[in-house]
Amino acid sequence: AVRCAAEMRDDVSAGVFQGPAFAPGRFFQMSFSSSSANLLQWYRDQLPGKPSFDALIAQALNADDEVIIEPADADGSTARSFRRVKPAHTPGQVVRGIMRCVATVLAKHIAALCGADRPAEIHCAGGAARSDLWLQIKADTLQIPTVAMACEEPTSLGAAMLAAQGAGITELETASERISVRKRFEPSASASRNDRMRRPSDINLIPALNPNCVAASLLAMVTRPSRN
């Protein structure tokens with residue numbers, strides 16, 4: 001996860017990286033781990049015939065939450081994350097377990113970045129952001145709305161926009177039009193209390209991220225971080 005900040009901080013949480021961002025007076029703060037869509041990729045590659053991701057996600061739609069997938073260990077093998085999976089478990093159950101695991105890890109990243117000042121919403125990027133089910137699970141787990149962007153490759157678009165800005169091209173209306181919302185996912189009131197974090201309070205937030213700043217290769221982007 002990554003957010004925009006107004007200054008470099010000396011009191012950031014352990015595991016949070018920071019540096020200069022897209023414009024003077026703006027900085028990024030980032031937290032990440034090995035628990036991401038790579039877990040789904042690994043599991044799919046173990047299945048006979050390597051079914052499509054769409055097929056696996058379709059099976060997860062009506063599956064229950066019986067399977068627990070553990071966060072990836074940076075010093076261990078990915079297989080360890082699946083040690084609780086039993087032969088009787090269906091692919092749909094396992095995929096849903098992966099989604100819940102990644103959402104739980106994302107919640108920890110958001111807590112490390114934002115502390116008590118919860119973001120108003122989270123913009124999601126990457127392949128996982130194409131799954132409505134996964135985005136809803138993230139919203140339910142964090143109790144924070146998640147937003148899918150209309151552009152399917154926002155990280156590539158962001159890199160192109162940053163390059164254009166560096167080249168002195170300031171008229172980016174065409175690119176900015178692509179930074180539009182495909183769908184917004186509100187937290188479900190029926191989500192399990194154990195899977196939820198505190199709903200964000202109505203706090204005074206700094207302005208939303210400049211559209212020239214797009215996270216690259218990350219689970220999500222906190223688009224309205226707390227003021228610093």
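Values in this document were obtained by computation on a predicted structure and should not be read as measured data.
Annotation for L135 and T146: closest pair O-OG1, 2.9 Å, computed over non-hydrogen atoms. Between Y43 and P91, the shortest heavy-atom contact is OH-CA, 3.3 Å. When all heavy atoms of P187 and Q143 are compared, the closest pair comes out as CB-NE2, 3.2 Å. Of all the heavy atoms in F27 and P20, the pair that sits closest is CD2-CA, 3.7 Å. Contact between R96 and A60 at its shortest, heavy atoms only, is NH1-O, 2.9 Å. Nearest approach of I137 to A103, heavy atoms of both residues: CG2-CB, 4.1 Å.
Criterion: ILVMFWY side-chain heavy atoms under 4.5 Å apart, direct or through other members. Under it, L61 and V94 are part of a common hydrophobic cluster. Hydrophobic clustering, with ILVMFWY side chains joined whenever heavy atoms are under 4.5 angstrom apart, groups I57 together with L47. Residues I69 and L133 are members of one and the same hydrophobic cluster, defined by side-chain heavy-atom contacts under 4.5 angstrom among Ile, Leu, Val, Met, Phe, Trp and Tyr. Under the 4.5 Å side-chain heavy-atom criterion for grouping Ile, Leu, Val, Met, Phe, Trp and Tyr, L39 is connected to L56 within one hydrophobic cluster. Residues V95 and F82 share a hydrophobic cluster, clusters being chains of Ile/Leu/Val/Met/Phe/Trp/Tyr side chains in contact below 4.5 Å.
To the nearest 0.5 angstrom, K183 atom NZ is 13.5 Å from C124 atom SG. Note that CD1 of I144 is 12.5 Å distant from NZ of K138, once rounded to the nearest 0.5 Å. Here the straight-line distance linking atom CD1 of I98 with atom CD of Q93 works out to 12.0 Å at 0.5 Å rounding. For the atom pair SG of C4 and CD of Q29, the computed distance is 9.0 Å after rounding to the nearest 0.5 Å. Annotation: the span from S188 atom OG to Q136 atom CD amounts to 6.5 Å, rounded to 0.5 Å. Here NE2 of H89 is found 3.5 Å from CD of E66. Values are rounded to the nearest 0.5 Å.
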Open item on the list: Is there a side-chain contact (heavy atoms from CB on, under 4.5 Å) between E70 and R83? Walk through the geometry before answering.
Closed with: CA-CA 8 Å; E70 300 178 11; R83 59 185 175 178; 3.0 Å; yes

Open item on the list: Quick one, R118 with I110, criterion side-chain contact (heavy atoms from CB on, under 4.5 Å). Give me CA distance, side-chain angles, the key distance, then yes/no.
Closed with: CA-CA 8 Å; R118 312 301 298 161; I110 299 302; 3.4 Å; yes

Open item on the list: What verdict does the side-chain contact (heavy atoms from CB on, under 4.5 Å) test give for V85 and V67, after you've listed the backbone C-alpha separation in whole Å, the side-chain angles of each residue and the deciding distance to 0.1 Å?
Closed with: CA-CA 6 Å; V85 176; V67 174; 3.9 Å; yes

- [ ] Go through the steps for T90 and Q59 under the test side-chain contact (heavy atoms from CB on, under 4.5 Å), then give the verdict.
- [x] CA-CA 9 Å; T90 67; Q59 294 183 55; 5.6 Å; no

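Taking 4.5 Å as the limit, some side-chain heavy atom of C114 sits within range of a side-chain heavy atom of R3. The shortest distance between side-chain heavy atoms of Q18 and M30 does not fall below 4.5 Å. The side-chain heavy atoms of M149 and S180, taken from C-beta on, include no pair separated by under 4.5 Å. At least one side-chain heavy atom of D132 sits less than 4.5 Å from a side-chain heavy atom of R182. Residues P145 and I122 form no side-chain contact, since every pair of their non-hydrogen atoms from C-beta on lies 4.5 Å or further apart.
Each of S13, P119, S31 was evaluated against L113; a single residue qualifies, S31, per the side-chain contact (heavy atoms from CB on, under 4.5 Å) test. A side-chain contact (heavy atoms from CB on, under 4.5 Å) with C101 is found for one member of S81, P71, S36 and no other, namely P71.
Side-chain N/O atoms of D45 and Q41 include a donor and acceptor closer than 3.5 Å. For the residue pair S52 and D54, no side-chain donor N or O sits within less than 3.5 Å of a side-chain acceptor on the partner.
Relative to the ring axis of F53, R44 places its NZ or CZ within 45° and under 6.0 Å from the centre.
Here the two rings, on F32 and F17, have centers that are under 6.0 Å apart.
Around atom CG of D10, no more than 12 heavy atoms belonging to other residues, nucleotides or ligands sit under 6.0 Å away.
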